[in-house]
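Take a look at the structure below.
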Protein chains: 2
Amino acid sequence: MAAPSNRPETRVERKERTRRAILDAALTLCEDSSLVALSLRQVAKEVGIVPTAFYRHFESLQDLGLALVEESFVSLHAVLREVRRSDPTFEQNIDTSVETLLDHVERHHAHFLFITRERLAGPPAVRAAIKREIDLAERELATDLEWLVTSMGASPWSPDDWKALSNLFVRAMVSTVEAVLVAGGDTRAQQEVAERTRTQLRLVLVGALNWESRPAEPALRASEA
Amino acid sequence: MAAPSNRPETRVERKERTRRAILDAALTLCEDSSLVALSLRQVAKEVGIVPTAFYRHFESLQDLGLALVEESFVSLHAVLREVRRSDPTFEQNIDTSVETLLDHVERHHAHFLFITRERLAGPPAVRAAIKREIDLAERELATDLEWLVTSMGASPWSPDDWKALSNLFVRAMVSTVEAVLVAGGDTRAQQEVAERTRTQLRLVLVGALNWESRPAEPALRASEA
DNA sequence: GTTTCGGGTGCACATGTGTGCACCGTCGCG
DNA sequence: CGCGACGGTGCACACATGTGCACCCGAAAC
């Protein structure tokens, strides 16, 4: 609702505007179904254009899906970058990371719902694109974790263990986002999810700091006592 | 392909047979799409019956979905029960549990693919049914974990921490099943997933055994050294 | 043996769907 | 100024889809 400057829109502005409208319409419709159950005509009707006009912007629904994936992840990567350059004190890092993530999920609710669903149920190309992005985030996290954990005086780890750990964190994030989304608007439930996630991350952290790569006898400190 | 006894089928036998055929057909079609993108006529064609005959067995596709959920989870619950009554030595338990689970996933590939997809993308009622089953499994696991962990001399935990731990394990299971399924028939990748999962579970276990509920200063043993 | 019941058929209908084609009006370049 | 490119329209077609209805016929109940 910016000031409605009555200057007639330029051509590219107009095109970008309906492109956005299409993306938003698809996102809206995907809130209670999946891309694979969506029809070109539905989107067109939602946007308020004639079906064939859709092709002026995307080759197919799958193409639209890919655009939505990209769009969703630029915002997510921004968040991850923000989390990454925050205070490297691990404990605080967990709390603020969870908070930041959930805040972002709430603000970009539709995007995350889309990614969460299409990750497993979308058209093959869309699934592949999402997997690529997540794998990327996982690799980036792996180097960060190595940096953080070794700075806290743990034993040297094998590369596989680094992968396993970052994968564990990423899975936790994915699962948490899922949980928040199915909680819907129930803020009470969301709080519980957040608190539980914090506990879990701390628990994993405790495990990591007491970890030794490929122990012949596993490092079970508590049982030594 | 059992011995084709030429005795004419009884009425209920016949009915049960086409009901099974419908379930199997739907499961097959769901291998590369989702329930919400499935049409009554497709299933009917796959089964080899006329569309309207479908209604003699199910009220709707969603109804069919609920039946498939139930069917999928009876076999899964059997596995969980088997894992649960195995050797309570924790280390071995992890290895055999992962092995048993993945073995089962391979054998009931279509069922797990179905659950994995519909869990987030299916019709609302189907999603709800799957969530109910998973939550049930989580609660059952929580009591088992309490039994196992306390028998290994860890500090007393708060109820929330038990929930968090079992939730963490269940999420790990779900994620692992996902990973195995997207790996497709690539047994090399499956082996990697299995190994990584074992590592992760061991890591969580180490964390659990060094855990103290709600520590004012978190129990970071490594940093004390 | 006769009747009833119920799984399966065939047909019909209104509606939804992807997409080709000709067209139109206007913005923007020459 | 004029013309071409291009976003958007309207129409058409050949399907696919859910579902109602009358019907059929073989097993089961009597």
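Bear in mind the structure is a predicted one, so any value in this text is a computation, not a measurement. Numbers restart at 1 for each chain; the letters A, B, ... are given by sequence-line order, proteins then strands.
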*asked:* Whole angstroms only, please: what is the CD-C1' distance between A:Glu13 and D:dC6?
replied: 16 Å
*State which of D:dT19, C:dG8, D:dG26 makes the closest approach to the side chain of B:Arg11.*
D:dG26
*Nearest to side-chain heavy atoms of B:Thr52, which nucleotide of D:dA28, D:dC21, D:dG10*: D:dC21
_From the set D:dT19, C:dT17, D:dG7, return the single nucleotide nearest to any side-chain atom of B:Pro51._
D:dT19
*Do the rings of B:Phe73 and B:His77 sit parallel, tilted or perpendicular, given the 30° and 60° boundaries?*
tilted
*Calculate the interatomic distance between A:Glu59 atom CD and C:dG18 atom P; express it in whole Å.*
16 Å
*side-chain N/O B:Gln42 vs D:dT17 OP1/OP2, d < 4.0 Å*: yes
*Polar side chain donor-acceptor pair, A:Ser72 to A:His108, under 3.5 angstrom*: no
*Heavy atom of residues 31-41 of chain B under 4.0 Å from DNA chain D: which residues?*
B:Ser39, B:Leu40, B:Arg41
*Distance-only, no hydrogens or angles: does the A:Thr199 side chain make a donor-acceptor pair with backbone N or O of A:Glu195 under 3.5 Å?*
yes
*asked:* Whether B:Glu16 and B:Arg11 form a salt bridge (side-chain N of Lys/Arg under 4.0 Å from carboxylate O of Asp/Glu) is what I want to check.
replied: no
*B:Lys45 NZ to D:dT17 P, straight-line distance once rounded to whole Å*: 7 Å
*Salt bridge check: are A:Glu178 and B:Arg119 linked by an N-O gap of less than 4.0 Å?*
yes
*Identify, residue by residue, the members of residues 14-30 of chain A with a heavy atom below 4.0 Å from DNA chain C, and return them in order of residue number, or none.*
none
*Main-chain N/O of A:Gly184 paired to A:Gln190 side chain as donor or acceptor, under 3.5 Å*: yes
*Find the distance B:Tyr55:OH to D:dT19:P and express it as a whole number of Å.*
3 Å
*For A:Glu46 and C:dT17, give me the distance from atom CD to atom P, rounded to whole Å.*
13 Å
*asked:* Going by side chain to side chain donor-acceptor pair (under 3.5 Å), name the residues that satisfy it together with B:Arg196, two or more places apart in sequence or in a different chain.
replied: none
*Would you say the side chains of A:Ser34 and B:Ser34 form a donor-acceptor pair under 3.5 Å?*
no
*asked:* Parallel, tilted or perpendicular: which one describes the rings of B:Phe58 and B:Phe54, with boundaries at 30° and 60°?
replied: tilted
*B:Leu64 CG - D:dG18 P separation (whole Å)*: 12 Å
_A:Val50 side-chain proximity, nearest of D:dG10, D:dG7, D:dA28_ = D:dG10
*CZ of A:Phe54 versus P of C:dT17: gap in Å, rounded?*
14 Å
_Euclidean distance, atom CD1 of residue B:Ile49 to atom C1' of D:dC24 [Å, nearest integer]_ = 17 Å
